[in-house]
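For the numbers below, each heavy atom of this structure counts, side chains included, while hydrogens, waters and symmetry mates do not. Reminder, nothing fancy here: chain letters follow the sequence lines and each chain counts from 1.
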Amino acid sequence: MSNAVTLSLNFSHKLYEAADIRALASLYAAQLQLCCPQKPISYSLAQNVHSHMVISGFRLRGHILNRLIDIYGKFHNLVYARHLFDKMPQPDLVARTTMITAYSASGNIKQARKIFDDTPLSMRDTVSYNAIITGYSHNGDGYGAIEVFLGMLHRSFIPDNFTYTSVLSALRLIADDERECQQLHCTVVKSGTSCCTSVLNALLSLYVTCASSPSVSSSSLMGAARKLFDEMSERDELTWTTMITGYVRNDDLDLAREIFDFMSEKLVVVWNAMISGYVHHGFYSEALEMFRRMHLVGIRQDEFTYTSVLSACADAALFRHGKEIHGYIMRKEAKYSADFSVSVNNALVTLYSKCGKAHEARHIFNNMPLRDPVSWNAILSGYVNAGNIDEARQFFSEMPGRNHLTWTVMISALAQNGFGEGGLKLFNQMRLEGFQPCDYAFAGAVTACGNLGAFEHGRQLHAQLIRFGYESSLSVGNALITMYGRCGIVEAALSLFLTMPFVDSVSWNALIAAMGQHGQGGQALELFEQMLEADILPDRITYLTVLTACSHAGLVKHGRHYFDSMHTYGITPGEDHYARMTDLLCRAGMFSEAKELIDKMPFVPGAPVLEALLAGCRIHGNLDLGIQAAEELFKLVPQHDGTYILLSNMYATAGRWEDVARVRKLMRDKGVKKEPGCSWIEVENKVHVFLVDDAVHPEVLAVYNYLEQLGLRMRELGYVPDTKYVLHDMESEQKEYSLSTHSEKLAVAYGLLKLPRGATVRVFKNLRICGDCHNAFKFMSKVVQREIVVRDGKRFHHFRDGDCSCGDYW
DNA sequence: GTAGGGTTAG
């Protein structure tokens, strides 16, 4: 093509010399016609022709000028297109429409509209209306498109098939209402236009899209879509595909399959749509079966097919199948690999990551000829899923092209792995770098607040996410329920749950946990019964939560009943469930029953069971069994720093100071670094965080140190301060700190000391070690010699000089 | 009109 243009440019010199202007004009026009907007090289050719015209003094006008504007517009050189447009003394309708299209295509709908508005009414036609309507629709502004469309009808312009197609796709952006769809359907039918297939397809697509909107009855809209489909005299590929994908998206795979089976020549797209539908609904074997059939029937599979089927293997943990398909793709597609590979390789990376083969995943990643953000994110979440947070962090800091999903993955990873403050920092940084957080990112940040007990911060996030319009998002709602629950605001968790448009088992689990953690065991169990009545199937986490609730409320009989009834829902108790039962029995002081349970269980008692046993022993002062459990735990997981501390604490409680010294020596020898313990508390809406170097009696020592700092003399109590602690105010962010979950009473003590009489304190975290809290309150009321009021949810508990009236709470 | 990377509950 370029040769043709160059040759003809030479020829145009001759024409120019011969002063044959008309021939010259048609030659230029022909040259510009050769410039195909799809090919980048055309742009420079068009520029060539243009400069040739300028140099030769040829006067630009009419359709040649329009064509140039069109070309510059299509290559997004709006400045030049506009320059030419402005040179026209009276731009004609074609030039105006071209400019409108050019501006819309480059996203500048405002300028497009301005040109449209400047076009006199008498000049406009249906095509120019179509241009601006399509512009709005492509720019995601459904209302703008409709507004122009209505104006068009009002001024008696006649819509054509293009108009309807654009208006229908604009409506898909806004209509979530059955009535609107049907009104539009009537308008189209009544308009008397002989509807071409593309208009009917657009209408069909409108029905199908609206049907998946949450606020609408999908079955009746899909019914209407089906009626339209059945009535259509001509159906093209798009018609069939829209109908099939519509059923897939609206969770009716059987009807989708019915149409699919009915379709005579099935395109690869429809196969893909069916497969992806099966995958998304968890019907993995159907997806794989369809993949096999495609191969047998001889349909040419494409990258959509491969990615879907690989993700089926990844989600169903069918590693062997996945590997076989990997081999199959390699054999079949060796020739095409380059273009193909990005998305397929991404799916492979995900497959290997999810199946725990981090090494292989990384190998594929390293050998990828091309990578896109998805590839990087796939590796990142591979690290996160494997619990490898350090590596994930490192990878995150080095990776190029982070997108909002990268941030979301990292924020959630930090929030869930005890780095709540890191997660919140990242959330802020994400926004500073100009990424708008999506609902999942908010969910991650809210989770971080929940884990930190940072209620004020969490509440602020709640307010912000409402402004973003995320309050009806399921994951955000679930994260908020959890956050409020962990911060002890059970009423807020409940009212949020009640206002959520959709809830799932996660929401129920979160709410039951919120109740159970805050001493409202009876209500938690009631809620569980309501969940069953609502036909939400309980899962293993539901049972963990229910057993925890029973344990906190001391409901031994209920706990046993629920534990025994797990199998009715096809759930086999895991070691964690046995651990909860052990916890329940031991807290109730039923050690022989606990022992019986442990002997009976189909596992060798591991760390969770032993920890539960140990905790019960500490509460009930069952020193022999406690020490036995601590020693076994120590043997089982000597690599865990925490077990040293547990063991030394247990010896300390039993007064076996020589053993304490022995363990501490072991710790020093092995270079075990003690993780600082921490607590936090909200006092008068301000969050205070405590850091404490855990020691033999961390709570007492830290309280002691703090009191001494205040000038109070506590030495006569007989505790020896051999440990330091750091006080930190989270809001000032002046110091590094790390958080863990124990020593709640410290924070309580700290908060109380700074309180005026009768002030309100909100205690965070669960009060499982309530016996100890109780003592801490008593202890502190003695120290400060005044009444202490503790608020937990709606209840107030009063402590006076060592006495207490804490009611049924503990 | 179809695909690949994510989230929330213990």
Side-chain angles (χ1 to χ4, degrees), chain A residues 201 204-205 208-209 236-246 248-249 267-277 279-280 302-312 314 341-351 353-354 372-382 384-385 403-413 415-416 438-447 450 470 473-483 485-486 503-514 516-517 538-549 574 576-577 579-580 608 766:
Chain A
N201 281 346
L204 192 66
S205 167
V208 163
T209 314
D236 62 11
E237 293 160 354
L238 195 60
T239 322
W240 289 92
T241 315
T242 307
M243 205 58 224
I244 290 171
T245 51
V248 170
R249 268 199 309 206
L267 296 168
V268 63
V269 183
V270 230
W271 287 89
N272 293 345
M274 278 312 299
I275 291 179
S276 86
V279 175
H280 285 152
D302 63 9
E303 47 187 328
F304 288 83
T305 327
Y306 295 142
T307 45
S308 292
V309 86
L310 285 171
S311 102
S341 49
V342 183
S343 55
V344 177
N345 275 330
N346 289 341
L348 284 169
V349 168
T350 309
L351 169 76
S353 280
K354 283 196 180 163
D372 67 4
V374 178
S375 336
W376 293 86
N377 289 340
I379 289 281
L380 182 71
S381 43
V384 171
N385 291 335
N403 58 18
H404 81 279
L405 219 134
T406 323
W407 291 90
T408 309
V409 171
M410 206 59 227
I411 290 167
S412 313
Q416 289 218 311
C438 63
D439 51 346
Y440 291 140
F442 266 105
V446 169
T447 305
Y470 294 145
S473 152
L474 183 62
S475 12
V476 163
N478 291 343
L480 283 169
I481 294 177
T482 313
M483 187 271 291
R486 286 191 180 144
V503 292
D504 63 359
S505 65
V506 177
S507 331
W508 284 95
N509 292 349
L511 189 62
I512 294 173
Q517 282 164 351
D539 54 19
R540 40 178 299 280
I541 293 176
T542 318
Y543 274 103
L544 284 178
T545 320
V546 165
L547 293 176
T548 310
D576 35 8
H577 296 100
R580 293 300 150 96
N766 64 57

**Message:** Check the phosphate of B:dA3 against A:Ser276, side-chain N and O only, distance under 4.0 Å to OP1 or OP2. Yes or no?
**Reply:** yes
**Request:** Would you tell me if any nitrogen or oxygen in the side chain of A:Gln416 comes within less than 4.0 Å of OP1 or OP2 on B:dT8?
**Result:** yes
**Request:** Look at the side chain of A:Asp372 against the base of B:dG4 and say whether a donor-acceptor pair falls under 3.5 Å; ignore hydrogens and angles.
**Result:** yes
**Prompt:** Can you tell if the side chain of A:Asn377 reaches within under 4.5 Å of the side chain of A:Val409, non-hydrogen atoms only?
**Reply:** no
**Prompt:** Can you tell me if the side-chain N/O atoms of A:Thr545 get under 4.0 Å from OP1 or OP2 in B:dG10?
**Reply:** no
**Request:** Sequence neighbours left out, what passes side-chain contact (heavy atoms from CB on, under 4.5 Å) with A:Phe304? Give chain and number order.
**Result:** A:Asn272, A:Asp302
**Asked** For B:dG4, does OP1 or OP2 lie under 4.0 Å from any side-chain N or O of A:His280?
**Response** yes
**Request:** Let me know the distance between CZ of A:Arg486 and P of B:dT8, rounded to the nearest Å.
**Result:** 10 Å
**Asked** For the base of B:dT7, is there a side-chain donor-acceptor partner from A:Ser475 under 3.5 Å away?
**Response** yes
**Message:** So, does A:Thr242 get its side chain near the phosphate of B:dG1, meaning an N or O under 4.0 Å from OP1 or OP2?
**Reply:** no
**Message:** Given the structure, check if the side chain of A:Thr241 and the base of B:dG1 hold any donor-acceptor pair shorter than 3.5 Å.
**Reply:** yes
**Asked** Does A:Val270 have any side-chain contact (heavy atoms from CB on, under 4.5 Å) partners at least two apart in sequence or in another chain, and if so, which?
**Response** A:Ile244, A:Phe260, A:Met263, A:Leu267
**Spacing of A:Met410 atom CE relative to B:dT7 atom P, expressed in whole Å** = 11 Å
**Asked** Just checking, is any N or O donor in the side chain of A:Asn478 or A:Ser475 under 3.5 Å from an acceptor N or O on the other one?
**Response** no
**Request:** Check the distance between B:dG5's P and A:Leu380's CG and give it to me in whole angstrom.
**Result:** 14 Å
**Complete:** A:Ile275 atom CD1 is separated from B:dG4 atom P, nearest whole Å, by 12 Å
